[in-house]
There are 2 protein chains.
Amino acid sequence: MPALEAIEGALEARGYRVTPARRAVLQAILSRPEHFTAEEVMRRARAGRATVFRTVRLLCELGLLCRVLLEDGRLHYRLLGPRRHHHHLVCVECGRVQDLEECAVGGLVRELASATGYEIQGHWLEFYGRCLSCREPDQGGVR
Amino acid sequence: MPALEAIEGALEARGYRVTPARRAVLQAILSRPEHFTAEEVMRRARAGRATVFRTVRLLCELGLLCRVLLEDGRLHYRLLGPRRHHHHLVCVECGRVQDLEECAVGGLVRELASATGYEIQGHWLEFYGRCLSCREPDQGGVR
DNA sequence: GCGATGATTGATACGAGGTATCACTGATGC
DNA sequence: GCATCAGTGATACCTCGTATCAATCATCGC
């Protein structure tokens, strides 16, 4: 999980200024351990609607945030460490997200391409379930 | 691809009435070979906004429509034949959708479950690329 | 220091896509 | 014939964004 300074450094390194508004958005984001909506950031950061959305988009473009797709189709965002293409395993009860470091469909993509003739350029893959802590009540009991 | 009568039968079998408004929505849907938005159905069917959305949701719940996730996170809908769980390969140029009958991540789900302790309940998997016809200009030419 | 320039901001309007409300309608059961 | 209830559609509202645009702020050359 990158610290505030690291993100600000990444912004500056790419020629973006670190302004009070951007810092407020970043702090709001850093205070959320899991995924969040832009709306949540707006409530926490004292920054205008447009600025929040612009900053979130910017961070996505710079690879500092990633999008998390929820089961119902909504998009959330999530701070990204220094990692590349990956997928998520989302707990539908507590919202915890587990990053899956390896992309498991690389081989499948090649198979599909030769079977269908498509030139495959991208994919979405997200998993949903209940994490260990949310399952615990199920497991300990005699029932 | 189910016919109008088949869908109406499925509705009636579950205790839903086949009304003129629902039939209009169904006809609008049947006239779209690929995926569509609820908005497109509204333009084609002479039915109110709420009715269109309600009908689309109903058909999803009954398993007669499926949701297609586009690369940018938007949701489209698509008529579903008599098939079960499947995934999509979407052409980003012409919008053509190829259904992938086999769910390729079943094994992966079991692996993930034992590795993470999650009880995995669902997943999204959609592929994006360019279909054969859209690639043709690339391929035939000398260039 | 000063003006020009360009990045950034935030209020606001707008748009897609969808839900909630509620009075009304029309079919159905008794 | 009447009560009931599913279905309808106008409307308001919500979420999650983008576009616009005047104002502001930092920086740079002079």
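Throughout, a chain's letter reflects where its sequence line sits, starting with A, and its residues are numbered from 1.
In this model, no side-chain donor or acceptor of A/Arg74 finds a partner on the base of C/dG17 within 3.5 Å. Side chain B/Arg46 to base D/dG9: no donor-acceptor pair is found below 3.5 Å.
Atom CZ of B/Arg49 is separated from atom P of D/dT11 by 13 Å (rounded to the nearest Å). Going from atom CZ of B/Arg14 over to atom C1' of D/dA6 covers 18 Å, rounded to whole Å. At whole-Å resolution of the value, CZ in A/Arg43 and C1' in D/dT15 are 11 Å apart. Straight-line distance from the CZ atom of B/Arg17 to the P atom of D/dC5: 12 Å, rounded to whole Å. Atom-to-atom, CZ of B/Arg57 to C1' of C/dG17 comes out at 13 Å; the value is rounded to the nearest Å. To the nearest angstrom, P of C/dG18 lies 11 Å from CG of A/Asp72. The separation between B/Phe53 atom CZ and C/dG18 atom C1' is 5 Å, rounded to whole Å. If you measure from atom CD of A/Glu39 to atom P of C/dG17, you get 18 Å, rounded to the nearest angstrom.
Backbone-only contact: B/Thr19 has heavy atoms under 4.0 Å from sugar-phosphate atoms and none from a base. Within 4.0 Å (heavy atoms only), B/Ala50 reaches at least one base atom of the nucleic acid. As judged by a 4.0 angstrom heavy-atom cut-off over every strand, B/Arg22 is placed among residues touching the sugar-phosphate backbone only.
Here NE2 of A/His88 is found 10.0 Å from OH of A/Tyr128. Values are rounded to the nearest 0.5 Å. Summarising the geometry, atom CG belonging to B/Leu100 is positioned 6.5 Å from atom CZ belonging to B/Phe127; distances are rounded to the nearest 0.5 Å. In this structure, B/Leu108 CG and A/Leu125 CG are separated by 7.0 Å, a value rounded to the nearest 0.5 Å.
Map A/Thr51 and B/Tyr77 each onto its nearest nucleotide of DNA chain C; the residue landing nearer the 5' end is A/Thr51.
Nearest heavy-atom pair across A/Phe36 and A/Leu79 is CE2-N, 4.3 Å.
Other residues, nucleotides and ligands contribute more than 12 heavy atoms inside 6.0 Å of the CZ atom of A/Arg67.
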